[in-house]
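The structure displayed is predicted, hence computed values, not measured ones.
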Amino acid sequence: MAQFYCLSVLLSVLCALILIYDQDESSDDSFDDGEEKKSIPGIEKIQEGIAGESLFSNQLFRLVCGALCFVTGFVIFFVPYKGVSVIGDFIPAIACLFSGACVLLEYFEEKSDSFMTPEILQTVLISNKFYIGVAALFAGVVHFVLPGAPLL
């Protein structure tokens with residue numbers, strides 16, 4: 001179905017961007033020189049967006065994106081855009097599942113004190129989130145360019 005095709009492309013690219021540009025670990029204030037800056041009141045929102053308070057760092061956006069990406073990855077195994085079920089959209093489905101799971105695990109690990117990620121998932125997903133993000137971005141772009149190709 002075309003709806004799941006669009007969702008898989010959009011959500012895999014969004015989750016890939018979340019994983020690639022994760023700003024929790026790399027939050028440095030290299031532009032902060034200690035003095036108070038004067039600004040126009042209407043432009044404060046734009047400056048916050050430039051400074052790193054973007055949509056990708058919003059926790060609710062990350063949760064919704066990760067959950068939708070994971071569910072879409074599961075669904076497109078069985079409802080391919082064009083082709084045979086299960087192998088029709090195999091690579092985009094795997095990319096959606098892994099990137100969605102990585103975003104969800106990272107969210108729950110950050111929000112909960114009692115949630116502990118199992119060691120195997122920690123080594124496979126969380127420690128390799130940059131590479132999973134790059135692979136999901138590549139799969140989303142290729143899936144967009146070649147919608148009816150076998151395995152894509």
Side-chain angles (χ1 to χ4, degrees), residues 1-32 45-152:
M1 293 176 67
Q3 295 90 348
F4 284 113
Y5 165 72
C6 291
L7 272 176
S8 69
V9 169
L10 178 69
L11 290 172
S12 67
V13 168
L14 282 176
C15 280
L17 290 175
I18 288 171
L19 292 174
I20 291 172
Y21 296 111
D22 188 20
Q23 297 175 359
D24 291 338
E25 299 170 353
S26 64
S27 63
D28 60 57
D29 292 330
S30 59
F31 296 111
D32 187 22
K45 291 286 186 183
I46 296 171
Q47 287 176 343
E48 287 176 4
I50 292 172
E53 296 296 324
S54 67
L55 185 63
F56 295 122
S57 62
N58 186 348
Q59 295 298 320
L60 181 62
F61 178 75
R62 294 177 122 196
L63 174 67
V64 170
C65 237
L68 285 176
C69 190
F70 187 78
V71 170
T72 302
F74 183 74
V75 169
I76 64 173
F77 263 126
F78 304 109
V79 184
Y81 179 60
K82 291 181 181 175
V84 183
S85 291
V86 178
I87 62 168
D89 289 336
F90 185 70
I91 293 174
I94 293 295
C96 280
L97 284 172
F98 276 103
S99 62
C102 190
V103 170
L104 283 175
L105 282 174
E106 197 172 51
Y107 173 81
F108 287 126
E109 193 174 68
E110 191 174 293
K111 284 293 184 182
S112 177
D113 294 333
S114 62
F115 181 78
M116 296 297 293
T117 306
E119 188 65 33
I120 186 83
L121 292 178
Q122 182 74 26
T123 57
V124 172
L125 292 179
I126 303 298
S127 64
N128 295 320
K129 68 181 176 181
F130 177 78
Y131 301 114
I132 292 171
V134 169
L137 183 65
F138 179 73
V141 169
V142 170
H143 190 49
F144 177 73
V145 173
L146 303 170
L151 292 177
L152 289 176

Write down the atom of [X], the atom of [Y], and the distance for their closest heavy-atom approach.
X: Cys102; Y: Ile126; result: O-CD1, 4.0 Å
X: Cys15; Y: Ser99; result: CB-OG, 3.8 Å
X: Ser8; Y: Ile76; result: CB-CD1, 3.6 Å
X: Thr72; Y: Phe4; result: CG2-O, 4.2 Å
X: Leu19; Y: Lys129; result: CB-O, 3.6 Å
X: Gly133; Y: Ala16; result: O-CB, 3.0 Å

How long is the straight-line distance from [atom2] of [Y] back to [atom1] of [X], given to the nearest 0.5 Å?
X: Phe70; Y: Leu11; atom1: CZ; atom2: CG; answer: 13.5 Å
X: Arg62; Y: Lys111; atom1: CZ; atom2: NZ; answer: 10.5 Å
X: Thr123; Y: Asn128; atom1: OG1; atom2: CG; answer: 8.0 Å
X: Ile132; Y: Leu137; atom1: CD1; atom2: CG; answer: 13.5 Å
X: Cys6; Y: Phe144; atom1: SG; atom2: CZ; answer: 8.5 Å
X: Leu7; Y: Ser12; atom1: CG; atom2: OG; answer: 10.5 Å

* To do: Check whether more than 12 heavy atoms from other residues, nucleotides or ligands sit under 6.0 Å from atom CZ of Phe61, and answer yes or no.
  =>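 Yes - once you tally the heavy atoms of other residues, nucleotides and ligands closer than 6.0 Å, there are more than 12.
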* Asked: Are more than 12 heavy atoms from other residues, nucleotides or ligands located less than 6.0 Å from atom CZ of Phe74?
  -> no
* Sub-4.5 Å side-chain heavy-atom contact between Val103 and Cys65 ->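 Not in contact.
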* **By ring-ring contact (aromatic ring centres under 6.0 Å, His included) - contacts of Phe138 (at least two apart)** => none
* **Partner residues of Ala135 under the side-chain contact (heavy atoms from CB on, under 4.5 Å) criterion, sequence neighbours left out** =>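 Partners of Ala135 under the side-chain contact (heavy atoms from CB on, under 4.5 Å) test: none.
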* To do: Look at the side chain of Tyr107 and the backbone N and O of Leu60, then say whether any donor-acceptor pair between them is shorter than 3.5 Å.
  =>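 No, the answer is negative, given that no donor and acceptor are paired below the 3.5 Å cut-off.
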* To do: Give a yes or no answer on whether the side chain of Ser112 reaches the backbone of Phe108 with a donor-acceptor pair at less than 3.5 Å.
  =>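 Checking the backbone N and O of Phe108 against the side chain of Ser112, no donor-acceptor pair under 3.5 Å is found.
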* To do: Could you list the residues that satisfy side-chain hydrogen bond (donor to acceptor under 3.5 Å, both in side chains) with Gln122, not counting sequence neighbours?
  =>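 Here no residue qualifies.
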